[in-house]
A.B. asks: 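Here it is, the structure, as C-alpha cells.
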Amino acid sequence: MAFTRKSKAINFNEPAKEDIYNTTSSAKSLSTTPITAPRPYFFVSEIPDTSTVHTGAGINTQRKMYAIMEGNKRIKTWGLTGAYGLNGYSNANFNTLFPQLTQFDYPLDKDDFITQVAVGKGHMAAFVTAKGYLYTGGYVDDDRWTGFMDDVQRYAFSRVSHAETITTATYSSGGASGANNFVISAVNANIVVGQQVVGFGVPSWTTVTAISGTTITFSNVLNQQAAGVYSFGRPWGPGGICAKKVYLPSSSANTSSEQWAMVLSTDSNVYACGYNGNGQMGIGNTAGPRGYWDRVPGISNIKEVYCSSYTAYAITYSGQLWGWGYNGYGHLGIGDTTQRTSPTSLVASGVHKVFQKGSDYETSFYLSNDGLAYSCGSNYYGSLGINVENTGSTNTWTVVNTTNIGTRRIIDIKATGTGTYNTTWFLCDDGAVFSCGYNGLGQVGDGTTTTRQIPTLVTQPSGFPKVDKIVVGGGSNTHFVMGVNMATGRMWSVGSFNYGAIGQAIGEPTGTWLFTDTSGRAQYPPRETLGIPSVEDGYAKIKDFFTISEPNAETTIFCLLTDGTIWVRGYGHYQAKGHKIVQHYWNANLTYHGNQYTDTAWRQVEF
C-alpha cells in the first residue's frame, strides 16, 4: 500500500472521530476519549503497516543503521547508510535523516511478501519472505557473510541463490567473461541439471542447464574469468530450502569485521555463512570464512536459534539446548572455556528460551519449562544472580537464586553492560521486577548503589500498574531499565541518563533532570516518565520496544505502536532517531552540544 503523509486539522476539544484514519486501512481509531489539549503528534490518511523495526550498529561507536519493514513488500533504512548501507550510496559519510526505501536487486514475486527483517553488527541486513527466499545486503568484509562468495558491498538487498552444498568441482579451462560454460575437474559427487552454482564470477540465480562430459553449461553468462572451486547445491525458496528466519549477531564492539549469520529453515534445520574463526559455522573446524550458506551438521528439529557476537545456540522442539562457537567465559555451560566448533549438547531437555548479553564479556541465561532461570558465563559484580561475586566466570549452568523472588515465575530476562560492569533484570509473572549485578548508578532499582549478588526487588513507583515489559540499555557501566504497562502505556525508569533514553520524569520541566547523582547523571529509585502522546490519548497501544546502545552510553530507544507509527527518544547522532529533528538541552547539571543530540521526550519517526 502506497503511503502518503498528510496532516489533518483536528479540533482537540472534540472526541476523536474514526475518520481520522483512512477507513480502508486495517488500523482505525482505538478510542473516542476527548482530547483536552494539543499534542505533539500528527495523523495520516494512510497508516503504514510497520510490522517490525530492527536495529544494528557497527564500524564505530557512532555509526548506526536501522531498518523497518513497512507493510509486507517494502523495507526502509535510516541512520548512517553510506558505504555501509542499503540506500544505493557510496559515500561513507552519507546519513539518511528519516526512513527511506531500500531497493531489491530481484523484485519480490507478486504473490510473495516479507515476513522478517534483521540488522546486525557492521551494517549487516537481511530478510526472508513467505516463499522462503533469503535476501542479504549492506556492508561486506572479507568474511563474505552474504552468501555470494565475494566481499562486494551491496547497496541494495540481493536475493541469495545457493544453499547446502551437494558437491564441488574445480575449474579446469574455459569460462571467459561472457561465456556460459566451462570445463571442470576434481568433481567429488554427481552434478545434475537444475542445481544452483556459486563461485567467483558467477552471477546470482545461475543454474546448471546442461552437462556434456566435463563441460557444464549455465543459465547465465559468467561475469569474469572463472578460475576456482565451484559449489553446486539446492536453491533458496520453493523447490529448495525455504528460509523461516534469519539471525544476525549484534555487538557493542567497534568492528565491522568477523561477520557471520544463521538461518532457520521451515524444515527446522540451521544454515550458517561467513566468519568461522571461533567455529560458528559448526563444521568441526575454524577454516574459512565460508562464502556460501551450508547446513550446520549434527542438529535437527530446531525450534529457535540465538546468536551473540561469536557464539550460537539452538533449542529443539523437545527442549534440548545445543551450542557452539566461542566459549571464553564458559557461557556454553559445559564445564570449561574451550570453544566448540561443532554443535554440542548443553542441556538435555526442559529448556524454554535463551537470553544473552552478547557483547565482549559474554553471559547466557535460559528459562526452564518450570519457570526457573539458569545462568553461566561472566559474573562480574554478581550479575549471574547466583549469590557469588567474583571477577571471573562460571562455566556450568547454575540456577539463579530465588530467595527474594520466592514462588514467582520468571518470564523475561534482560542483561546489559560491556567490560566488567554487568547488570541483569528479571521480570516475573506478577509484574514484579528483580535485579542484580553492578549498581553504581542505582540501576538495580532498590534505591541504593550497593552491588547485589542475588536478584533484589526493584522499588516501583507507588500505584504503578502491573509491569509486563522491561526494556534496558546503556553503555559499559551506564545502564538503565524501564518498566512498562503495555495496556496503558505508562512507564517508569531508573539508572543512568544515557543521552535522554531514560526519559523525562513526570513533573519536571522539559530539559531539567533532578538527578539523585548529578556527577554520574543518574536517577534512582525509579520514577514514572512521560509516555507517548498518541498512546496516552487512546489512539494506539504499544506493540514493542527496540533499543541500541554503545559503550559510551549512546542509547536510542524505539517504540512501535499498533497503528504502525514508530516513536523514539535518546541519542540522535547520525540521525539515528529518524525524525530529522536535532535537540540541544542545557541545564545546570550537564551541557549537550556539538554532535551530542539528545531527546528525553518521545518523538515520532517520519516516514
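By convention here, the first residue in the shown sequence is residue 1.
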A.B. asks: Are a donor atom and an acceptor atom from the side chains of S393 and N379 found within less than 3.5 Å of each other?
C.D. replies: no
A.B. asks: Let me confirm one number: the CD1-CG distance from I334 to N327, rounded to the nearest 0.5 Å.
C.D. replies: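 Rounded to the nearest 0.5 Å, the CD1-CG separation comes out at 5.0 Å.
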A.B. asks: When you check the side-chain N and O atoms of Q339 and N278, is any donor under 3.5 Å from an acceptor?
C.D. replies: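 A pair is found: one side chain offers a donor N or O, the other an acceptor, under 3.5 Å apart.
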A.B. asks: Could you grab the distance from atom CD1 of I216 to atom CD1 of I211, nearest 0.5 Å is fine?
C.D. replies: 4.5 Å
A.B. asks: For the NE2 atom of H479 and the CG atom of N422, what is their distance to the nearest 0.5 Å?
C.D. replies: 6.5 Å
A.B. asks: Judged by atom type as modelled, is there a donor-acceptor pair below 3.5 Å linking the side chain of D143 to the main-chain atoms of P289?
C.D. replies: no
A.B. asks: Do F232 and I166 make a side-chain contact, defined as non-hydrogen atoms from C-beta onward lying under 4.5 Å apart?
C.D. replies: no
A.B. asks: Step by step, work out the side chain to side chain donor-acceptor pair (under 3.5 Å) result for T423 and W425.
C.D. replies: CA-CA 7 Å; T423 309; W425 295 268; over 6 Å; no
A.B. asks: Begin with the C-alpha distance, continue with both residues' side-chain angles, and end with the deciding distance and a verdict on side-chain contact (heavy atoms from CB on, under 4.5 Å) for V263 and V270.
C.D. replies: CA-CA 6 Å; V263 166; V270 179; over 6 Å; no
A.B. asks: Got a donor-acceptor contact below 3.5 angstrom from the S435 side chain to the T424 backbone?
C.D. replies: yes
A.B. asks: Do the two ring centres, one from Y292 and one from F148, sit under 6.0 Å apart?
C.D. replies: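 When the ring centroids of Y292 and F148 are compared, they turn out to be at least 6.0 Å apart.
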A.B. asks: Ring of F434, cation from R408 - is the NZ or CZ under 6.0 Å from the centre and inside 45° of the axis?
C.D. replies: no
A.B. asks: Start with the C-alpha distance between D430 and R409, add both sets of side-chain angles, then the distance that settles salt bridge (charged side-chain N to carboxylate O under 4.0 Å, His left out), and finish with yes or no.
C.D. replies: CA-CA 8 Å; D430 66 346; R409 187 182 183 93; over 6 Å; no
A.B. asks: Does any donor atom in the side chain of Q320 or S345 lie under 3.5 Å from an acceptor atom in the other side chain?
C.D. replies: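 Result is yes, a qualifying pair exists.
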A.B. asks: Is a side-chain N or O of T341 found less than 3.5 angstrom from the main chain of G279, in a donor-acceptor match?
C.D. replies: no
A.B. asks: Can any side-chain N or O of K357 pair as donor or acceptor with the backbone N or O of A415 at less than 3.5 Å?
C.D. replies: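 Checking the backbone N and O of A415 against the side chain of K357, no donor-acceptor pair under 3.5 Å is found.
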A.B. asks: Decide ring pair (Phe, Tyr, Trp, His ring centres under 6.0 Å) for F104 and F127; before the verdict, give the C-alpha distance in whole Å, the side-chain angles of both, and the deciding distance to 0.1 Å.
C.D. replies: CA-CA 11 Å; F104 309 154; F127 70 84; 5.0 Å; yes
A.B. asks: Strictly under 6.0 Å, is that where the ring centroids of Y271 and Y247 end up?
C.D. replies: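 Aromatic pair excluded; centres sit 6.0 Å or further apart.
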A.B. asks: Looking at T547 and V472, would you say the former's side chain and the latter's main chain have a donor-acceptor pair under 3.5 Å?
C.D. replies: yes
A.B. asks: Does any non-hydrogen side-chain atom of D412 lie less than 4.5 Å from one of F426?
C.D. replies: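 Heavy-atom side-chain distance check fails, nothing below 4.5 Å.
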A.B. asks: Would you indicate whether the side-chain heavy atoms of H331 and T311 approach each other to under 4.5 Å?
C.D. replies: yes
A.B. asks: Using the side chain to side chain donor-acceptor pair (under 3.5 Å) rule, take D112 and T129 through it: C-alpha gap first, then chi angles, then the decisive distance, then the call.
C.D. replies: CA-CA 7 Å; D112 200 9; T129 75; 2.7 Å; yes
A.B. asks: Would you say the side-chain atoms of T286 and N276 include a donor-acceptor pair closer than 3.5 Å?
C.D. replies: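 No, because no side-chain N or O of T286 sits under 3.5 Å from a partner of the opposite role on N276.
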A.B. asks: Give a yes or no answer on whether the side chain of T136 reaches the backbone of T146 with a donor-acceptor pair at less than 3.5 Å.
C.D. replies: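 Present.
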A.B. asks: Would you find a donor on one side and an acceptor on the other, under 3.5 Å apart, between the side chain of N180 and the backbone of N220?
C.D. replies: no
A.B. asks: Is a side-chain N or O of T167 found less than 3.5 angstrom from the main chain of I191, in a donor-acceptor match?
C.D. replies: no
A.B. asks: Report the C-alpha separation of D105 and S158 in whole Å, then their side-chain angles, then the decisive distance to 0.1 Å, and conclude whether the side chain to side chain donor-acceptor pair (under 3.5 Å) test is met.
C.D. replies: CA-CA 5 Å; D105 72 341; S158 300; 3.3 Å; yes
A.B. asks: Donor-acceptor check, side chain of Q116 to backbone of K245, threshold 3.5 angstrom: yes or no?
C.D. replies: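 No; judged by distance alone, with no hydrogens or angles, the pair does not exist.
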A.B. asks: Within a strict 4.5 Å, meaning less than it, do heavy atoms of the V354 and F365 side chains meet?
C.D. replies: no
A.B. asks: With a 4.5 Å cut-off on side-chain heavy atoms, are Y133 and V128 touching?
C.D. replies: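 The answer is no, as the side chains (C-beta and beyond) never meet within the 4.5 Å cut-off.
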A.B. asks: Can the positive tip of R159 be found less than 6.0 Å from the middle of the six-membered ring of Y135, inside 45° of the ring normal?
C.D. replies: no
A.B. asks: A side-chain contact here means heavy atoms from C-beta on lying under 4.5 Å apart; do I557 and V471 qualify?
C.D. replies: yes
A.B. asks: Checking D111 against K131 for the salt bridge (charged side-chain N to carboxylate O under 4.0 Å, His left out) test, could you report, in this order, the C-alpha distance in whole Å, the side-chain angles of both residues, the deciding distance, and whether it holds?
C.D. replies: CA-CA 9 Å; D111 59 345; K131 284 188 172 182; 2.7 Å; yes
A.B. asks: About how many Å separate CD of E362 and OG of S308, when rounded to the nearest 0.5 Å?
C.D. replies: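 That separation rounds to 3.5 Å.
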A.B. asks: Distance from D544 atom CG to I566 atom CD1, nearest 0.5 Å?
C.D. replies: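 So the CG of D544 and the CD1 of I566 are separated by 11.0 Å.
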A.B. asks: Determine, using ring centers only, whether Y374 and Y366 are less than 6.0 Å apart.
C.D. replies: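 Distance test on ring centres: under 6.0 Å, yes.
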A.B. asks: Checking S300 against N269: is there a side-chain donor and acceptor pair closer than 3.5 Å?
C.D. replies: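 Their side chains do not contain a donor-acceptor pair, so the 3.5 Å distance test is not met.
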A.B. asks: Do C307 and Y313 come close enough that some side-chain heavy atom pair is under 4.5 Å?
C.D. replies: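 Sidechains of Y313 and C307: no contact.
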A.B. asks: Any side-chain heavy-atom pair from V433 and C428 closer than 4.5 angstrom?
C.D. replies: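 Side-chain contact under 4.5 Å: no.
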A.B. asks: Before you tell me yes or no, could you show the steps for E258 and Y310 under side chain to side chain donor-acceptor pair (under 3.5 Å), namely the whole-Å CA-CA distance, both residues' side-chain angles and the distance that decides it to 0.1 Å?
C.D. replies: CA-CA 8 Å; E258 301 172 351; Y310 307 106; 2.5 Å; yes
A.B. asks: Does K353 NZ have over 12 foreign heavy atoms under 6.0 Å away?
C.D. replies: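 Atom NZ in K353 is not packed in, count stays at 12 or less.
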A.B. asks: Between Y329 and Y326, how do the two ring planes meet: parallel, tilted or perpendicular, split at 30° and 60°?
C.D. replies: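 Ring orientation, 0 to 90° scale: perpendicular.
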A.B. asks: Give, for atom CG of L384 and atom OG1 of T394, the distance between the pair rounded to the nearest 0.5 Å.
C.D. replies: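 The CG atom of L384 sits 5.5 Å away from the OG1 atom of T394.
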